[in-house]
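Each residue takes its place number in the sequence, starting with 1.
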Amino acid sequence: MIITVSRQFGAGGGDVARQVAARLGWRLVDNELVERVAQRAGLSPEQVAEREERAPGFLERLAWALASASAEFAAPTGEAPPELEERDLVRVTENVVRELAREGRVVLVGRGAAAVLATQEGTLHVKVVAPVADRVTRVRERFGVSAEEAQAQVEETDARRARYHQEYYRRDWNDPANYHVVCNTAALGLDGAADLIVREAGRRGWARRRTGG
């Protein structure tokens, strides 16, 4: 039982996912991938977030750190890491997504998880959206940037995510048919979006995990 949450930048998808995980008593996986990479690369999560994975040199370093435990990419006899391209990082990320998914009862945010787990049974794929104006306002308030900067961040991040899905999975990231549930947080609010997802999980019989003996 897995819920994947894809989200337009600034739509509040991370907040919705957090609520869903808390209500179901499931594990939330959002920044955990960054944290794992940071630990293996000897960096703090803050350093990873500041530099971002898209910086070319840093991208290769992070990819190698993440791939170091994988036989596919392990260098023999301590050789220097090879030049890893984005497609190599995609393969490593897919492995991590599948590894996390095998644990079950996980709310998995982003990472192309909806595409990676598209055919896996026991999954609920959710897309969290909102009008651009609402997302720009949210980004401005959260990051303290100008309207122009917020607009640019929204457009660039969405374009990058759409390109990623099209290039590696031949999927239209914006096509609602690729998801089981699409939630508009401007219309539903964060709480309402979480309610909708939890209700669907309940309809599928995915009850909250019991605690205690």
Side-chain angles (χ1 to χ4, degrees), residues 1-24 26-35 37 45 48-49 52-54 89-90 93-94 96-98 100-101 105-118 120 123-143 145 149-169 171-201 206:
M1 297 180 288
I2 304 141
I3 297 175
T4 70
V5 179
S6 301
R7 70 276 189 241
Q8 291 180 325
F9 187 64
D15 295 328
V16 171
R18 191 173 301 108
Q19 285 198 40
V20 170
R23 296 187 196 184
L24 292 174
W26 289 16
R27 177 182 177 190
L28 174 69
V29 178
D30 190 345
N31 294 321
E32 183 174 333
L33 179 58
V34 173
E35 292 169 358
V37 172
V48 175
E52 296 186 341
E53 296 156 53
R54 60 179 176 233
L89 181 59
V90 170
T93 303
E94 288 173 352
V96 173
V97 167
R98 293 191 180 101
L100 292 166
R105 295 183 182 270
V106 171
V107 179
L108 191 54
V109 181
R111 323 294 183 224
V116 176
L117 305 174
Q120 181 164 320
T123 55
L124 173 61
H125 300 303
V126 175
K127 181 73 174 285
V128 178
V129 303
V132 172
D134 292 84
R135 294 192 282 133
V136 168
T137 298
R138 186 187 299 276
V139 171
R140 286 185 63 191
E141 293 174 350
R142 175 162 293 188
F143 299 106
V145 297
E149 290 174 311
Q151 179 88 25
Q153 287 183 29
V154 165
E155 293 175 355
E156 290 171 8
T157 303
D158 282 359
R160 189 169 63 251
R161 290 172 179 173
R163 192 266 317 165
Y164 183 95
H165 282 72
Q166 180 60 41
E167 182 169 345
Y168 294 106
Y169 302 106
R171 284 166 60 99
D172 182 353
W173 182 67
N174 292 304
D175 186 351
N178 288 325
Y179 310 92
H180 299 117
V181 177
V182 177
C183 303
N184 183 338
T185 53
L188 299 172
L190 300 179
D191 292 345
D195 287 341
L196 183 62
I197 299 166
V198 171
R199 283 201 301 272
E200 175 57 21
W206 297 354

Next on the checklist: Ignoring hydrogens, what is the shortest heavy-atom contact between Gly110 and Arg7? Give both atom names and the distance.
Outcome noted: CA-NH1, 3.5 Å
Checklist entry - Could you state the interatomic distance from CD1 (Ile3) to CZ (Arg105), rounded to the nearest 0.5 Å? => result 10.5 Å
Checklist outcome for this item: For Gln153, the side chain to side chain contact (heavy atoms under 4.5 Å, CB included) test, sequence neighbours excluded, returns Phe9, Val139, Phe143, Val145
Item to check | Any residue meeting side-chain hydrogen bond (donor to acceptor under 3.5 Å, both in side chains) with Gln166, in chain and number order, not counting sequence neighbours | outcome: none
Checklist entry - Who are the side chain to side chain contact (heavy atoms under 4.5 Å, CB included) partners of Ala113, not counting sequence neighbours? => result Thr4, Val97, Leu108
Next on the checklist: Applying salt bridge (charged side-chain N to carboxylate O under 4.0 Å, His left out), can you list everything that pairs with Arg161, at least two apart in sequence or on another chain?
Outcome noted: none
Next on the checklist: Donor-acceptor check, side chain of Gln8 to backbone of Val128, threshold 3.5 angstrom: yes or no?
Outcome noted: no
Next on the checklist: Going by the rule side chain to side chain contact (heavy atoms under 4.5 Å, CB included), which residues pair with Val198 if we only count those two or more places apart in sequence or in a different chain?
Outcome noted: Val20, Arg23, Leu24
Checklist outcome for this item: Shortest non-hydrogen pair, Val116 vs Tyr169, comes out as CG2-OH, 3.3 Å
Item to check | For the student: nearest non-hydrogen atoms of Ala101 and Gln120, plus distance | outcome: CB-NE2, 4.2 Å
Checklist entry - How long is the gap from NE2 on His165 to CZ on Arg171, to the nearest 0.5 Å? => result 6.5 Å
Item to check | salt bridge (charged side-chain N to carboxylate O under 4.0 Å, His left out) involving Glu141 - partner list, sequence neighbours excluded | outcome: none
Next on the checklist: Listing request: all salt bridge (charged side-chain N to carboxylate O under 4.0 Å, His left out) pairs with a residue in residues 8-19, at least two apart in sequence or in separate chains.
Outcome noted: Asp15-Arg18, Asp15-Arg142
Checklist entry - Looking at residues at least two apart in the chain, or sitting in another chain, which of them share a salt bridge (charged side-chain N to carboxylate O under 4.0 Å, His left out) with Arg135? => result Asp158
Next on the checklist: Listing request: all salt bridge (charged side-chain N to carboxylate O under 4.0 Å, His left out) pairs with a residue in residues 177-193, at least two apart in sequence or in separate chains.
Outcome noted: none
Tabulate below the donor-acceptor pairs under 3.5 Å that side-chain atoms of residues 176-184 make, not counting sequence neighbours, or state none.
{"unit_1": "Asn178", "atom_1": "ND2", "unit_2": "Asp172", "atom_2": "O", "d": "2.9"}
{"unit_1": "Tyr179", "atom_1": "OH", "unit_2": "Trp173", "atom_2": "O", "d": "2.8"}
{"unit_1": "His180", "atom_1": "ND1", "unit_2": "His125", "atom_2": "N", "d": "2.9"}
{"unit_1": "Asn184", "atom_1": "OD1", "unit_2": "Ala186", "atom_2": "N", "d": "2.9"}
{"unit_1": "Asn184", "atom_1": "OD1", "unit_2": "Ala187", "atom_2": "N", "d": "3.4"}

